[in-house]
Amino acid sequence: MKIASWNVNSLRVRLPHVTEWLQLNQPDVLAIQETKTVDEDFPVAAFEALGYRAVFSGQKTYNGVALVSRIAAADVLTDPPNLEDPQRRVLAGTFGDIRVVDVYVPNGSEVGSEKYAYKLDWLARMRVFLADELVRHPKLIVLGDFNITPDDRDVHDPAAWHEKILCSTPERQAFRDWLGLGLSDAFRLFDQAENSFSWWDYRAAGFRRNLGLRIDHILLSQPLAAACTSCEIDKTPRKLERPSDHAPVLAIIDGV
DNA sequence: ATGGTCGGTAACCGA
């Protein structure tokens with residue numbers, strides 16, 4: 001199985017990049033975040049033309065998640081029972097015996113802000129949901145835009161970002177708490193180049209200067225981590241005209 | 001030079 005995650009920052013604007021990337025990479029499942037597209041406007045036909053199915057949970061202007069896949073998703077879920085969140089940030093689906101949970105974790109804006117408190121509460125509530133998912137689905141993939149750098153290796157300038165949003169200790173602890181459920185950060189199962197990032201600010205030529213953060217992740221439960229043969233960030237689409245500010249992350253899991 | 005750019009939507013907010 002080939003599975004990928006990509007925050008596209010508006011599916012309407014990025015559709016040409018996404019369809020081109022799908023054709024080139026042929027993943028079995030692509031988890032998308034920040035579609036910024038209401039369900040009525042989701043471009044189902046563009047994906048069906050490529051032999052892909054899609055399920056989605058969108059809203060106006062903000063957020064929005066989708067799962068684009070070779071086979072249709074079963075047991076689709078948009079609202080974890082204990083989350084009580086009107087924002088469209090979660091989409092779960094089952095493919096064969098593999099459960100996939102696409103997440104768009106709140107950004108948090110600024111440490112100490114109201115949005116930051118919402119982020120930490122959201123992460124804690126989702127942890128409870130994921131613990132339950134893991135009981136029902138030993139083969140679990142949790143992927144998406146986490147808006148968290150797991151540690152300083154994932155930050156271009158750790159001193160400048162020290163205890164800043166996306167890098168604060170409580171956010172990193174919440175990330176570790178998710179790993180503590182029995183999940184592995186697929187990217188760190190392998191040797192990686194230093195300064196590997198998945199997001200670069202549009203401002204200040206961040207991409208050209210590689211001033212980035214690694215905040216997009218693929219987490220694998222134990223049986224899937226054991227079968228994972230690669231995990232990479234594909235910077236190619238970030239180099240295109242009018243790119244998303246995020247690059248896709250891609251993992252290959254053998255024999256499933 | 002302590003800012004900068006996007007996207008959505010219609011004056012700014014969110015990232």
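Each chain gets a letter, A, B and so on, in the order its sequence line appears, and its residues count up from 1. Just so it is clear, the model here is predicted, and its values are computed rather than measured. Basis for what follows: all heavy atoms, side chains included, without hydrogens, waters or symmetry-related copies.
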Side chain to side chain contact (heavy atoms under 4.5 Å, CB included) against A:D75, all qualifying residues, sequence neighbours excluded: A:T94, A:R99
Between C1' of B:dC13 and CG of A:N63, the distance in whole Å: 13 Å
pair A:N147-A:W199: side-chain heavy atoms closer than 4.5 Å: no
Separation of B:dT2 P from A:L211 CG (nearest whole Å): 17 Å
Electrostatic pair A:D41-A:K36, nearest N-O below 4.0 angstrom: no
Expected output: side-chain A:Y202 to main-chain A:P243 donor-acceptor under 3.5 Å: yes
Distance, rounded to the nearest Å, where A:E241 contributes CD and B:dT5 contributes C1': 14 Å
Distance-only polar pair, side chains of A:Q87 and A:N63, donor-acceptor under 3.5 Å: yes
Exercise: do A:T169 and A:E163 side chains pair donor with acceptor under 3.5 Å: yes
Touch class at under 4.0 angstrom, heavy-atom based, for A:Y104 against every strand present: sugar-phosphate
d(CH2, A:W199; P, B:dT5) in whole Å: 14 Å
Nearest-angstrom distance, P atom, B:dG7 to B:dG3: 24 Å
Protein-nucleotide distance (A:K119, atom NZ; B:dG14, atom C1'), rounded to Å: 13 Å
Rounded P spacing from B:dT2 to B:dC13 in Å: 23 Å
P atoms of B:dC12 and B:dA1, separation to the nearest Å: 31 Å
Pairing of A:K139 and A:D97 as salt bridge, 4.0 angstrom limit: yes
Identify all pairs in which a protein N or O lies below 3.5 Å from an N or O of nucleotides 6-8 of chain B, and state each distance.
unit_1 : atom_1 : unit_2 : atom_2 : d
B:dG7  : OP1    : A:R14  : NH1    : 3.0
B:dG7  : OP1    : A:R14  : NH2    : 3.4
B:dG7  : OP2    : A:R242 : NH2    : 3.0
B:dG7  : O3'    : A:S10  : OG     : 3.2
B:dG8  : OP1    : A:S10  : OG     : 2.2
B:dG8  : OP2    : A:R12  : NH2    : 2.6

For atom CZ of A:R208 and atom C1' of B:dT5, their distance in whole Å: 14 Å
Earlier contact from the 5' end, DNA chain B, for A:D201 and A:N147: A:D201
A:E114 CD to B:dC13 C1', straight-line distance once rounded to whole Å: 15 Å
Whole-Å distance separating the CZ atom of A:F146 from the P atom of B:dA15: 17 Å
